[in-house]
Structure formats: structure tokens, C-alpha cells
Amino acid sequence: MENSKKYFTDSEIEIKQTYSPTEPLIEKAGEYPFTRGVQADMYRSKLWTMRQYAGFSTAEESNKRYHYLLNNGTTGLSVAFDLPTQIGYDSDHEFADGEVGKAGVAIDSLRDMEVLFDGIELEKITTSMTINSTASTLLAMYVALAKKQGADIKKISGTIQNDILKEYAARGTYIYPPKPSMRLITDIFEYCSKEVPKWNTISISGYHIREAGANAVQELAFTLANGKSYLLAALDKGLDIDVFAKRLSFFFNAHNNLFEEVAKFRAARRMWAKITKDLGAKDTKSMMLRFHTQTGGSTLTAQQPQNNIIRVTIQALSAVLGGTQSLHTNGFDEAIALPTEEAARTALRTQQIIAFESGVSETVDPLAGSYFVENLTNEIEEKAWEYINKIDAMGGSVQAIEEGYIQDEIAGSAYRYQNDIENGDKIIVGVNKFTAEEIPIENIFVVDDNIRVQQIAKLNQLKSERDNEKVKLLLQKLDADARANVNLMPGILEACEQYATLGEIADTFRNVFGEYRPN
């Protein structure tokens with residue numbers, strides 16, 4: 001007898017018992033609209049970049065972890081910053097108390113950046129920095145350090161997240177109101193197109209939208225809607241879409257529903273190609289959606305944490321089957337604390353086993369032609385367009401965020417997901433089924449609470465050694481620039497080179513732009 005139970009993906013797309021052929025997919029990888037991948041040969045000639053997201057405590061401690069990861073086969077660094085750094089406070093600010101070095105590394109000035117990358121040649125490594133409100137300052141510090149190393153800044157490469165819209169919608173580490181924040185972002189686009197042409201100036205993030213509770217369709221739709229807003233803002237500034245669009249990248253989440261995630265990634269490329277083409281892009285490279293993936297932090301469980309290794313493997317596999325350009329795999333103990341070196345190594349080995357032992361990297365888009373995957377790709381795309389069209393009708397992402405629409409949709413999805421877990425409709429192994437007596441995990445990584453004391457001491461020493469009069473004049477100039485219609489990046493870089501602190505630069509902009517307070 002046929003099973004009458006209905007099955008759905010996490011995005012509430014019904015899964016049929018069997019699937020029949022759709023329209024034959026005749027497109028090739030490396031060709032518009034890039035459903036099958038942005039490179040014709042994908043991983044046959046070059047594997048994805050294997051990044052490990054790391055940063056904690058002081059610059060000295062994080063530098064040790066970076067060398068450890070590089071020695072174990074990591075091919076790109078990904079920097080996590082602590083909350084004070086993310087929201088523009090130096091470590092000695094009263095609001096930084098209790099947070100210094102906890103969620104990432106504390107960076108107060110160029111001096112910390114010098115220590116963070118000690119012994120690492122920036123011209124020979126790609127670096128991704130998860131930073132948004134203060135992205136302009138952290139990028140300026142990175143460029144200043146590259147110049148001190150004698151690097152050709154036109155050759156350094158990496159990515160800053162620099163995606164403020166998702167902060168208003170899902171994460172909360174914003175400082176300034178949307179308009180000046182968008183100005184800073186487009187200033188970075190303009191500056192890097194001329195001075196740091198290999199730098200990816202924004203990583204439009206669906207990751208944090210998903211972590212806040214969105215489903216796969218919402219993650220895709222809201223991320224691409226935000227991306228469209230950045231394109232329009234840059235076009236309004238007079239920038240050439242066929243120049244700046246090539247340096248945009250995306251950052252997606254990978255969850256446990258393998259086929260839905262693969263279909264999401266495939267649909268994302270096709271949709272972005274259409275969005276950029278419709279806005280005037282002529283160069284096919286401007287239409288390519290390139291993306292980094294991180295496995296789902298919100299899917300990790302504190303219960304039976306070893307199970308997380310399996311979850312991360314499935315999620316990483318979905319990213320590779322979906323054609324990611326870069327990948328971070330979470331440590332199995334991250335639901336409890338920052339990952340230990342053992343957990344970080346296991347996470348990296350997961351990527352290496354997928355790359356070198358599974359065989360999935362040896363052909364392009366291995367799931368292409370699957371009746372299920374092709375249908376699911378089409379259905380996800382259709383539902384995502386419905387969201388984007390609704391956001392466009394509201395006036396775009398900024399308006400939709402200010403009206404609370406995107407936040408409400410995410411909250412509704414998060415509520416339904418949690419409700420399904422609590423009533424048993426959604427099984428989480430080790431949490432609401434297949435539970436066991438827990439054995440406390442040993443060797444938890446804990447950040448020393450004295451980190452703030454150390455950072456304050458370094459700040460005091462810095463201010464006693466630098467040319468404070470020159471710093472004061474440069475901050476005054478930056479204030480004047482912020483009030484005028486000039487690009488802010490050169491002034492930020494100049495201030496960083498003279499060891500103005502992150503907090504001093506952020507406060508300069510606070511005085512001009514104010515702070516954002518949501519309704």
C-alpha cells in the first residue's frame with residue numbers, strides 16, 4: 001500500500017514520491033546562467049579554498065592558530081573578530097567589558113593587525129574577514145600592513161563581508177543608519193576597483209539570515225534582494241557594473257537537507273545571473289555568483305557533540321555538490337565553546353576527505369539531470385522570486401527592513417521550525433530522539449578573562465608612543481570628509497597608518513552620522 005504521509009523540505013516544499021524528467025538541461029558549466037557552476041571544469045583544475053574561521057583572545061594567540069591551520073593544509077584564512085571590534089569599540093571602552101577576545105580576536109589598531117599576521121605574507125595568502133560596520137577600517141588596516149610588508153596592494157586578495165543590510169535584518173552588529181552605511185560600502189567598491197582590484201569588496205551574506213531562523217528559500221531570496229540593493233546603490237554612485245560586480249561574492253549557509261541545499265546553490269547562480277544582466281551587465285564575469293559556504297552553526301548540538309561531525313560532513317558535501325568556491329567546516333564542539341585544535345583539525349580533515357577520497361570533485365555538477373534535483377532547483381527559484389518581487393514592490397531591501405517585513409518572515413520561519421522540534425515532527429538526533437546519558441566533554445577551550453587587561457595595557461602603550469597630534473589632525477580631516485561628498489577610504493587608511501584606533505575612527509563617524517535605532 002502506498003504511504004499517504006506527505007514529506008516536505010525545510011522550506012515547506014512538498015517532496016513527491018517520484019519525479020519525472022523536466023525540460024532537458026542543455027546548458028554547460030561556465031556559461032550563462034551558470035546553474036551548473038561558474039567554471040567549465042570546476043574542481044578538476046582547482047579545488048575550492050579550504051578556510052577555517054578562526055580568531056579569539058589576543059592577536060598573539062590567534063596568530064598561533066593561523067600558523068597551526070596553515071601547517072595542516074588550510075589554503076585560506078578566515079578571521080573572526082570580537083564583538084567590540086565588530087561594533088566599533090576599543091577594548092578599553094566600558095561597553096567592551098566582558099566581550100574582549102570572546103567571539104573573536106580583539107583588534108584595536110594597526111599594531112594588533114601586525115601581530116595577527118606576523119610571519120604570514122599577505123601577498124601569498126587569501127584572507128576573508130567577517131566584519132561589517134567597521135569593514136572599511138579593518139580593510140584599511142590590512143592594506144596598511146600589506147604596504148608595510150612591501151607587498152603590491154594590487155596583488156593582495158581576499159574578502160570583507162561588508163554586508164550591512166543583513167545586520168539590520170538578522171544579526172544586529174550595525175552602528176550607523178542605513179544611508180551612511182551604504183555610503184561606506186560604495187566608497188569601498190570605488191576605492192578597491194582602483195587601488196586593490198583583486199579584493200572582493202563585499203560578501204553578501206545569507207549565512208546569518210539562515211542562522212536567525214530563515215529557511216533555505218528565504219535565505220536565498222533575502223540575500224539576493226540585498227545584493228540587488230548593493231548593485232543599485234553602486235550604480236547610483238556612477239560605478240560601472242562590469243567593474244564592481246566582478247568583485248562581489250556571496251556567503252551561504254549549508255544545512256542538513258542535502259538535496260535542498262544543493263538545489264539552493266544551483267538556483268542562486270541562475271537567479272543572480274538574471275539580476276545582473278537585467279541591471280545592465282554585459283560581461284558574463286559580472287554575472288557569475290561566486291560564494292563561500294559555512295556549515296550551519298545553528299544545527300550543532302551540545303548534546304552528543306560527536307554527532308556534529310556527521311552533520312558537518314553532510315553539510316560540507318552539499319556545498320561541494322552545489323559548486324562552492326570556498327568552504328569552512330565547523331568544529332564539533334562549537335555548540336559548547338570555541339573549537340579546540342583537535343576539533344579544528346577534524347573539521348579541516350572533513351574537507352580534505354571529501355576533496356581527495358570521495359570522488360565528488362572529479363566531475364562537474366554531479367547531480368545535474370537528477371529528476372529530483374532539477375525539479376527542486378526550479379521550485380526553490382520560483383518561490384525565491386516571489387519574495388524578491390514582493391520586496392521590489394515595497395521599494396527594495398532597505399525599505400523592507402525598515403518596515404520589519406524581512407525580520408517578521410525570518411521570525412515566523414524560526415518559530416515554525418522550533419515548534420516542529422518540540423512537537424516531534426522534526427527529529428534532531430540526540431535532542432528529541434535517540435537521547436543518551438551525557439558524558440561531559442573534556443578539554444573545552446576557554447578564553448582567559450584577563451584578555452581585556454592585556455589589550456588596555458597595549459592601547460595605553462600605543463597612545464604613549466604614537467604621534468597623537470598627527471592622529472588628532474587626521475581624525476579631524478576624516479570628520480570633514482564624512483561631512484563632504486568625498487570617498488572616505490583614503491582618509492581612513494591614512495589614519496590607520498598613523499595608528500589611530502578602530503574606536504577613534506568609529507566615534508568620528510558616530511559624531512557625523514549618528515547611531516541607528518530601529519523602530
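Keep in mind that the numbers below use all heavy atoms, side chains included, and drop hydrogens, waters and symmetry copies.
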When you check the gap from the basic side-chain N to the acidic O, do [X] and [Y] get nearer than 4.0 Å?
X	Y	result
Lys246	Asp283	yes
Lys472	Glu469	no
Glu381	Lys274	no

For [X] and [Y], does a side-chain donor sit closer than 3.5 Å to a side-chain acceptor?
X	Y	answer
Thr299	Gln315	yes
Thr127	Tyr142	yes
Gln161	Lys166	yes
Arg51	Thr49	no

Okay, side chain of [X], backbone of [Y]: is any donor-acceptor separation there less than 3.5 Å?
X	Y	answer
Asn132	Asp163	yes
Thr74	Gly76	no
Gln455	Val100	no
Arg111	Lys458	no
Lys154	Lys194	yes
Arg452	Gly98	no
Asp112	Ala59	no
Glu334	Pro339	no
Gln498	Lys470	no
Thr324	Val320	no

I need the single residue from Tyr207, Phe250, Phe265, Phe34 that forms a ring pair (Phe, Tyr, Trp, His ring centres under 6.0 Å) with Phe291. Which is it? Phe265

Does Lys277 qualify as a cation-pi partner of Tyr32, given the criterion of NZ or CZ under 6.0 Å from the six-membered ring centre and within 45 degrees of its axis? yes

Face-on cation placement of Arg269 at Phe252 ring, 6.0 Å and 45° thresholds: no

Hey, are the side chains of [X] and [Y] touching, using non-hydrogen atoms and a 4.5 Å cut-off?
X	Y	result
Glu515	Tyr176	no
Ile391	Lys228	no
Arg270	Arg266	no
Arg290	Asn200	yes
Ile505	Cys496	yes
Leu289	Leu224	yes
Asp408	Tyr405	no
Val79	Tyr66	yes

Smallest separation among heavy atoms of [X] and [Y], with atom names:
X	Y	answer
Tyr191	Val143	OH-CG1, 4.1 Å
Ile87	Thr134	C-CG2, 4.5 Å
Ile107	Met113	CD1-N, 4.3 Å
Ala169	Ile406	CB-CG2, 4.0 Å
Gly491	Asp481	CA-OD2, 4.5 Å
Ser397	Asn226	OG-OD1, 2.9 Å

Using the rule given for side chain to side chain contact (heavy atoms under 4.5 Å, CB included), can you reason through Met271 versus Ile388, listing the C-alpha separation, both sets of side-chain angles and the distance that settles it, and then say yes or no? CA-CA 11 Å; Met271 294 175 72; Ile388 291 174; 3.7 Å; yes

Return all side-chain donor-acceptor pairs below 3.5 angstrom for residues 482-489, not counting sequence neighbours, or 'none' if the list is empty.
{"residue": "Arg483", "atom": "NE", "partner": "Asp479", "partner atom": "OD1", "Å": "2.7"}
{"residue": "Arg483", "atom": "NH2", "partner": "Asp479", "partner atom": "OD2", "Å": "3.4"}
{"residue": "Asn487", "atom": "OD1", "partner": "Met489", "partner atom": "N", "Å": "2.9"}
{"residue": "Asn487", "atom": "ND2", "partner": "Asp187", "partner atom": "O", "Å": "3.0"}
{"residue": "Asn487", "atom": "ND2", "partner": "Glu190", "partner atom": "OE1", "Å": "2.8"}

Any chance you could measure [X], atom [atom1], to [Y], atom [atom2], to the nearest 0.5 Å?
X	Y	atom1	atom2	answer
Leu69	Ser78	CG	OG	10.5 Å
Ile153	Gln149	CD1	CD	13.0 Å
Leu493	Thr137	CG	OG1	10.5 Å
Trp272	Leu248	CH2	CG	6.0 Å
Leu502	Leu110	CG	CG	12.0 Å
Leu165	Thr223	CG	OG1	11.0 Å

Classify the ring geometry between Phe513 and Phe509 as parallel (under 30°), tilted (30 to 60°) or perpendicular (over 60°). parallel

Parallel under 30°, tilted from 30 to 60°, perpendicular over 60°: which one fits the rings of Phe189 and Phe244? parallel

Show the numbers, then the answer: is there a side chain to side chain contact (heavy atoms under 4.5 Å, CB included) between Thr501 and Val471? CA-CA 9 Å; Thr501 70; Val471 169; over 6 Å; no

Please output the side-chain donor-acceptor pairs of residues 212-222 that fall under 3.5 Å, not counting sequence neighbours, one pair per line with the distance.
{"residue": "Asn215", "atom": "OD1", "partner": "Val217", "partner atom": "N", "Å": "3.1"}
{"residue": "Asn215", "atom": "OD1", "partner": "Gln218", "partner atom": "N", "Å": "2.8"}
{"residue": "Gln218", "atom": "OE1", "partner": "Asn215", "partner atom": "N", "Å": "3.0"}
{"residue": "Gln218", "atom": "OE1", "partner": "Ser413", "partner atom": "OG", "Å": "3.4"}
{"residue": "Gln218", "atom": "NE2", "partner": "Tyr387", "partner atom": "OH", "Å": "3.1"}
{"residue": "Gln218", "atom": "NE2", "partner": "Glu409", "partner atom": "O", "Å": "3.2"}
{"residue": "Glu219", "atom": "OE1", "partner": "Arg210", "partner atom": "NH1", "Å": "2.7"}
{"residue": "Glu219", "atom": "OE1", "partner": "Lys264", "partner atom": "NZ", "Å": "2.8"}
{"residue": "Glu219", "atom": "OE2", "partner": "Asn253", "partner atom": "N", "Å": "2.8"}
{"residue": "Glu219", "atom": "OE2", "partner": "Lys264", "partner atom": "NZ", "Å": "3.4"}

Does Glu386 form a salt bridge (charged side-chain N to carboxylate O under 4.0 Å, His left out) with Lys383? I'd like the steps, not just the answer. CA-CA 5 Å; Glu386 289 175 7; Lys383 287 183 176 293; 5.3 Å; no

Worked check of side chain to side chain contact (heavy atoms under 4.5 Å, CB included) between Asp118 and Glu60: CA-CA 9 Å; Asp118 184 40; Glu60 290 87 350; over 6 Å; no

Kindly check if the number of other-residue, nucleotide or ligand heavy atoms within 6.0 Å of CD (Glu121) is above 12? no

The test is side chain to side chain contact (heavy atoms under 4.5 Å, CB included); show your working for Lys477 and Leu473 and say whether it passes. CA-CA 6 Å; Lys477 179 178 179 296; Leu473 291 173; over 6 Å; no

